[in-house]
Amino acid sequence: MKTSADIDQLAKFACIRFSEEEKVIFQQQLQDMIGYCSKLEAIDTEGVEPLLHTFEQEDNVWGEDEPAACDGLKMLEQNAPEMRDGQLVVPKVL
Amino acid sequence: MEEETLFLPLDQLVAGLNEKRFSSEELTKAYIERTKRLEPEIKAFLSFDEEKTLREARASDERRSQGRLLSEYDGIPIGLKDIFSEKGQPLTCASKILEHYVSPYDSTVVERLKAAGMVLFGRMNMDEFAMGSSSENSAFQITRNPWNTKCIPGGSSSGSAAAVAAGELPLALGTDTGGSVRQPAALCGVVGIKPTYGRISRYGIAAFGSSLDQAGVLARTVSGVAAILKLLCGADPKDATSARREVPDFCKEIQNNRGKIWTLGVPEEYFSDGLDSEVKEAVLAAVDFYKQQGYTIKPIRLKTLEYGISAYYIIATAEASSNLARYDGVRYTYRSPNAKTTEEMFSLSRSEGFGSEVKRRILLGLYVLSSGEYDAYYYDKAQKVRRLVYNDFAEAFKSVDAIVTPTSPTPATKIGAKSTPLSVYLSDIYTVSVSLAGLPGISIPCGFSKSNLPIGLQLIGKPFDESTLLSVAEAFEEGHGYWGRKPKIGS
């Protein structure tokens, strides 16, 4: 991992804001981790299949589609920061 | 009720209920009283609904009087890490962003505990979103190690381990993504098991690293974790990655395996630089114990150990950055009061709601997914290394039944002692490879340091062979009295 992390770009991807002081600290910590992780580059993985999941089922998991009761609106209302007439309220988009 | 009772292993608590020496309500009340007395010091709980807990205990007593118990463990209290959905109860993941969240449904593990009639006893503190190994990343409080309240209890299932160690609870559930059940169990001197990936449904457990997350059990003894494991394991249509395998009766298997002689592998890489000398001594003494019992001890190599941390942090953070994208200020309780635009709703809610460690891991995850020679190059590379780690273990298991290692390189350290995030990550060295390979692992107490802090022994098993793992662990427990030692706190 030769390139250094572009903290501004990553913050944008993450949808998280950082103060200038925080940026300096996070940049350094990130760089330490990236430096440490770069030891993987030395490993020869030519021809190695990535292991995406350790639990490789013998076959696919199939199931019938069965309708079940789910009061989605009630579930949302319990935890959404703001709702009105069954709708989620968000700041104006346009 | 005598406080000694609160430290009894699960089978003796069950016997106490069956012999009517105490009721579930009496037992639960006694745990509540002790918890109230110790909590100002231990800080293991994030929330506790006393009325609900006692209601569940009384319902169990009623079932008992009518002869319709739901299971052997009906009426036994168990704590839940604050990451499991329990309908109508808070679920904060120790994060400000979920501070006021209430679970609208039960996770599958909670469903199974309820079906067994167990008393769900409080919500346990943790590192925020299970990211950490000390509880220092909790947005609300730092849990103390009952053996020395100046020390960390380990984590991320910090409250679960500390409460069991302190006798506030007989049992607790945790989750383990890279060691979060095994490491706090080791540091608090209790038993903690993470079964094979896929054994327990993840439905209703807040996600961190989906290809690694697995629920686990903490208890005072090996038979305690074995009993609860049996209740929780098994296929679940709500989690396609739950294993459709038969679940053995682990307690029976342990009994059947008594006196059996196994072959244990001891990997030299796990005993090299960086391992505390007292931990090394205690773990090697355990190896000697097995040898004296007639076990075959085989030196093995697990050369990928040194790459485990790198591969783990790349994979876990990449998956976390995606899983935590859902916390956007729209659906999950916290929205910044300062947000005036949609962009501010996303970014200010996340900036104010997440703690530093969570932000750091999201950034690292996004970095490894977006940098390198091609998209997700580092993630891909780490997954290839993960295959090598898996192969390393598979090769070793051709000639051994289980592998013996330390759980943590040191006993519990002082709160605040580790200064950089990297130094904290490195303390996961012995547990993350097991998670990468999806293997079952258990930590059991195997000694104490000179300063009276517990030391943990990790046993690693073949996929879906928890029975052997538990049997080997129990053989050690039988030969030693570590499980019966209690911290002085509260006495």
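This one's a predicted model, so the numbers in the text were calculated from it and none came from an experiment. Letters A, B, ... mirror the listed sequences (proteins, then strands); counts begin at 1.
Atom CG of A/D44 and atom CG of B/L388 lie 9.0 Å apart (nearest 0.5 Å). A distance of 7.0 Å separates CD in B/Q383 from CG in A/L51, rounded to the nearest 0.5 Å. For the atom pair B/I309 CD1 and A/K39 NZ, the distance stands at 8.5 Å (nearest 0.5 Å). Once rounded to the nearest 0.5 Å, the distance linking CZ of B/R360 with CG of A/D32 reads 10.5 Å. Going from atom CE of B/M345 over to atom SG of A/C15 covers 9.5 Å, rounded to the nearest 0.5 Å.
Along residues 320-327 of chain B, no residue comes nearer than 4.5 angstrom to chain A, judged on non-hydrogen atoms.
Pairing each heavy atom of B/G329 with each of A/P81, the nearest pair is O-CG, 3.3 Å. For the residue pair A/L52 and B/R386, the shortest heavy atom distance occurs at O-NH1, 3.5 Å. Minimum interatomic distance between B/L364 and A/M33 (heavy atoms only, all atoms of both residues): CD2-CE, 4.0 Å. Summarising the geometry of B/R387 relative to A/V48, their closest heavy-atom pair is CG-CG1, 3.6 Å, with the distance given to 0.1 Å. Taking all atoms of both residues into account, the shortest heavy-atom contact from B/L363 to A/A14 is CD2-CB, 4.3 Å.
Per-residue counts of heavy-atom pairs under 4.5 Å with chain B were compared for A/F13, A/F18, A/F26; the largest is that of A/F26. When A/K74, A/E22, A/K92, A/E49 are compared by the number of non-hydrogen pairs under 4.5 Å with chain B, A/E49 comes out ahead. Contact count against chain A (heavy-atom pairs under 4.5 Å) is highest for B/G438 among B/G438, B/S210, B/G365, B/A339. No other option in A/M75, A/Q29, A/K12 has as many heavy-atom pairs under 4.5 Å with chain B as A/Q29. Top candidate by heavy-atom pairs under 4.5 Å with chain A, chosen from B/G198, B/P421, B/A382, is B/P421. With chain A as the partner, the residue from B/D380, B/V330, B/T341 showing the most heavy-atom pairs under 4.5 Å is B/V330. Taking A/I25, A/L76, A/I43 one by one and counting their heavy-atom pairs under 4.5 Å with chain B, the maximum is reached by A/I43.
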Would you sort out whether A/L10 and B/S370 count as a side-chain contact (heavy atoms from CB on, under 4.5 Å), showing the intermediate values?
CA-CA 9 Å; A/L10 292 175; B/S370 63; 4.1 Å; yes

Please evaluate residues A/N79 and B/R331 with respect to the criterion side-chain contact (heavy atoms from CB on, under 4.5 Å), reporting the C-alpha separation (whole Å), side-chain torsions for both, the decisive distance (0.1 Å), and the verdict.
CA-CA 6 Å; A/N79 288 303; B/R331 293 159 297 161; over 6 Å; no

Would A/L40 and B/I314 count as a side-chain contact (heavy atoms from CB on, under 4.5 Å) if you check the C-alpha gap in whole Å, the side-chain angles of each, and the deciding distance to 0.1 Å?
CA-CA 10 Å; A/L40 291 193; B/I314 290 173; 3.7 Å; yes

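Residues A/C37 and B/Y378 form no side-chain contact, since every pair of their non-hydrogen atoms from C-beta on lies 4.5 Å or further apart.
Contact of B/I362 with chain A is made through the side chain alone, with heavy-atom distances under 4.5 Å. Residue B/P237 does not touch chain A at all, counting heavy-atom pairs closer than 4.5 Å. Using a 4.5 Å cut-off between heavy atoms, B/Y313 touches chain A through its side chain atoms alone. For B/T333, the parts lying under 4.5 angstrom from a heavy atom of chain A are both the backbone and the side chain. For B/F464, the part lying under 4.5 angstrom from a heavy atom of chain A is the side chain only. For B/L426, the part lying near chain A is the side chain, with the backbone staying farther off; criterion is any non-hydrogen pair under 4.5 Å. Both the backbone and the side chain of B/E306 come within contact range of chain A, judged by heavy atoms closer than 4.5 Å. With a threshold of 4.5 angstrom between heavy atoms, B/S356 approaches chain A through its backbone and through its side chain. Of the two parts of B/Y379, neither the backbone nor the side chain holds a non-hydrogen atom closer than 4.5 Å to a non-hydrogen atom of chain A.
Using a 4.0 Å cut-off between charged nitrogen and carboxylate oxygen, A/R17 and B/E343 count as a salt-bridge pair.
More than 12 heavy-atom neighbours from other residues, nucleotides or ligands sit within 6.0 angstrom of NZ on A/K23.
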